[in-house]
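Here is the naming used below: chain letters follow the sequence lines, and residue numbers restart at 1 for every chain.
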Amino acid sequence: MEIPLAKKMEMLRFLLLARRFEESLTELCKIEGKIPGMMILCTGQEAVGAGVCAALQPTDAIITNHRSHSHLLAKGADPNALMAEIFCKRTGCNKGKSGTLHLAVPEVNAPCTTTVVGGGPPIAVGRAFAQQYRKEQSVTVCFVGDGATNEGSFHEAVNLASVWHLPVIFVCENNMYAGAQRHEEHTKAENIADRAAGYAIPGVVVDGNDTLAVYRSAMEARARALAGEGPTLIEYKTYRWRGHGEADPQIYQPKEEIAAWQARCPIPKLRGDMLADGSISTEALKALEAQIDALVQEAIRFAEESPYPEPHEALEDVFA
Amino acid sequence: MQQLGMGQAVNQALREEMTRDPDVFVAGEGVGVGIHDNPMFPTAGLIDAFGPERIRDTPVSEAAIAGLAVGASEAGLKPVVEIMFNPFFTLASDMIVNHAAKLRYLSGGKSSFPLVVRMKSGAGIGAGCQHSHNLEAWAAHCPGLKVVMPGTPADAKGLLKSAIRDPNPVIFIEDMLLYFAPGPVPDEEYLIPIGPADIKRPGKDVTVVTWSKMLGVAFKAAEQLAQEGVEMEIVDLRTLVPLDKETILNSVRKTGRLVVLHEATRTGGFAGEVAAVVMEGAFDSLKAPLRRVTGPDIPVPASPPLERFYIPDEQQLIAAIKEIM
Ligand SMILES: Cc1ncc(C[n+]2csc(CCOP(=O)(O)OP(=O)(O)O)c2C)c(N)n1
């Protein structure tokens, strides 16, 4: 599959954006009182969000989870509104109701981000059912972690999607850990994708740090879904550089393991490929990086200067 | 006396009971090796003391965790399982509500299910409504479940030890902010029975019935009101089921006034039950209508000013009391 230059540029852009965005959050959340609550980042895993979302159209939906920043950015969410929500400000995409954990961005068809592990798959089934019911040419992607595939809800959802041939792509971002548990401590199957066999749908294992491979596999699953052939389970093998959250001292993650995966960072790989095949020049790359930097700085400025919601606004938005 | 946070007190109770009874085991997500390395947390260090046979880290599978407790307890083990946050009770609830609570009854009293489900609860952690949602009234609404919600570290320790020895399923709810609020805990071993409420502060003018973290709010309000000559009696329920109606009624008969204070949302909250008990049993003693001070009927929002708005505070309690004085 020949990947158009514009697509490659889009993916590189979102890789860099997610990385800068979250590196800033790592620093910001060290400042007492700056950002409330937990801080859960996907540093090192950005190729999954960038590659999958590049394969989608604006009418396609994504349902994501607690580790959502790169998915949402790559789906086109406004960095200012995301950052402001992470800061719990009134100008945030959810008016401070959500904070960082459940960022909902229906404007870009990312309507339900849930931090209840396993909450996403059944909702994705419903979203895909609506697409099938209305005969839309669109699909729903559900992002889950490896750990989430041990919730009963995951299995009920995949089964139903399979039986009804729903246009859904279950994306399992296997970052090798669920909380402090390594893959082999919580799941005997060597590949999460092996679980697809139980539902008679394709289960695919892909290098989750190879952005272009991610893109290709998502394109294939999307084509399959649109052809009425039903869901695909894609497992992207990747790695969580940071702890589960920023407060996690990572006592259970070997330092050498982290270093080995950092050496396989998705950014230099795509950047290197693009420089090598001439898709981007060194100058253009520099310009892009500066542009991303400015974008993130602007998002932080916007978030910092925005007001908090007024207390009584807590009462709004419960019912339609 | 030792000063412990509630998590440390829970930790001591677990250690003592595991040492006493080899049938006691602990299971849950991250109860052995976790993403926190904090001595204030309830399961800190247990795996080093008791090993992975008895401290069982599970996959992210709440239905299986709760079901594990149901099946193992019927076989005579004493499971203490952890559901990480109160909202995830929903994922475990089939096993707890339809099974733990009902199977003894369905067996005509032949089987029993001596299990404890510990859950972390409470607003104030800035994580939003999928991590903070006080659901104690749900559990209390299911016959067959005992529901314990301590407000001090000492109560938590004594009540958890009783819960582990109880032949019934016990839902044990710990407010996370109390992990970081140390209080005195007796050095010698002790039990606190499940059932009796505790009068944490005697007073003659108004009864405040409360539990868990709101106990602290009641104390703050009591201090302030005392300066104005109003003496509040604080009844800490500690246990919602079984409910100590006598202590509530006796207090209201004495003071003639009642305010029920809880962090959970208002509609369908347990304050309604307490109010009904008082209307049925001490209506004649009431000098004024009773009042409820509770969280508003909204999910817990993440943003700090919104979350503060959600959590009942001493000013709201004082205002409610002044309305009926
Ligand atoms: C139902 C439920 N149980 C437990 C948790 C706590 N929790 C949050 S993330 C997580 C680990 C999830 O692992 P995985 O699905 O592999 O995703 P990852 O965090 O690795 O991205 C856990 C246990 C939760 N949020 N929801």
Peer 1: When only pairs under 4.5 Å are counted, which of B/Pro304, B/Pro301, B/Ala302 shares the most heavy-atom pairs with chain A?
Peer 2: B/Ala302
Peer 1: Specify which of B/Pro296, B/Gly128, B/Ala127 makes the most heavy-atom pairs with chain A at under 4.5 Å.
Peer 2: B/Ala127
Peer 1: Taking all non-hydrogen atoms of both residues, which atom of B/Pro305 and which atom of A/Pro309 are closest, and how far apart?
Peer 2: CG-O, 3.6 Å
Peer 1: Is A/Glu310 close to chain B through its backbone or its side chain, or both, or neither, when contacts mean heavy atoms under 4.5 Å?
Peer 2: backbone
Peer 1: Please classify the contact of B/Thr58 with chain A as side chain, backbone, both or neither, using a heavy-atom distance under 4.5 Å.
Peer 2: backbone
Peer 1: So does A/His155 have more than 12 non-hydrogen atoms from other groups sitting under 6.0 Å from NE2?
Peer 2: yes
Peer 1: Of the non-hydrogen atoms in B/Val33 and A/Ala180, which two are nearest, and what is the gap between them?
Peer 2: O-CB, 3.4 Å
Peer 1: Check each atom of B/Asp297 against the heavy atoms of chain A and say whether the ones under 4.5 Å are side chain, backbone, both or neither.
Peer 2: backbone
Peer 1: So, taking the atom named CD in A/Glu85 and the one named OG in B/Ser303, what distance separates them when rounded to the nearest 0.5 Å?
Peer 2: 8.0 Å
Peer 1: So which heavy atom on B/Ile35 is nearest to which on A/Pro249, and how close?
Peer 2: O-CD, 3.4 Å
Peer 1: Which region of B/Glu62, side chain (C-beta onward) or backbone (N, CA, C, O), has a non-hydrogen atom less than 4.5 Å from a non-hydrogen atom of chain A, or is it both or neither?
Peer 2: both
Peer 1: Among A/Gly99, A/Gly145, A/Pro36, single out the residue with the greatest number of heavy-atom pairs under 4.5 Å to chain B.
Peer 2: A/Pro36
Peer 1: So which heavy atom on A/Lys95 is nearest to which on B/Leu306, and how close?
Peer 2: O-CD1, 4.0 Å
Peer 1: Give, as side chain, backbone, both or neither, the part of A/Thr114 having an atom under 4.5 angstrom from any heavy atom of chain B.
Peer 2: both
Peer 1: Start with the C-alpha distance between B/Ile298 and A/Glu316, add both sets of side-chain angles, then the distance that settles side-chain contact (heavy atoms from CB on, under 4.5 Å), and finish with yes or no.
Peer 2: CA-CA 9 Å; B/Ile298 57 171; A/Glu316 297 166 6; over 6 Å; no
Peer 1: Measuring heavy-atom distances to chain A, does B/Ala63 have an atom under 4.5 Å in its side chain, in its backbone, in both, or in neither?
Peer 2: neither
Peer 1: Measure distances from B/Tyr310 to the heavy atoms of chain A and classify the residue's part below 4.5 Å as side chain, backbone, both or neither.
Peer 2: neither
Peer 1: Given that the side chain runs from C-beta out, which part of A/Thr115 has a heavy atom under 4.5 Å from chain B: side chain, backbone, both or neither?
Peer 2: both
Peer 1: Would you list the pairs meeting salt bridge (Lys or Arg N to Asp or Glu O under 4.0 Å) in which at least one residue belongs to residues 147-160 of chain A, sequence neighbours left out?
Peer 2: none
Peer 1: Hey, are the side chains of B/Phe309 and A/Leu315 touching, using non-hydrogen atoms and a 4.5 Å cut-off?
Peer 2: yes
Peer 1: Given that the side chain runs from C-beta out, which part of A/Val318 has a heavy atom under 4.5 Å from chain B: side chain, backbone, both or neither?
Peer 2: side chain
Peer 1: Answer yes or no: are there more than 12 heavy-atom neighbours, outside A/Glu184 itself, under 6.0 Å from its atom CD?
Peer 2: yes
Peer 1: Do you know which of A/Met38, A/Gln181, A/His244, A/His186 has the most heavy-atom pairs under 4.5 Å to chain B?
Peer 2: A/Gln181
Peer 1: Using heavy-atom distances under 4.5 Å, tell me whether A/Ile251 contacts chain B through its side chain, its backbone, both, or neither.
Peer 2: side chain
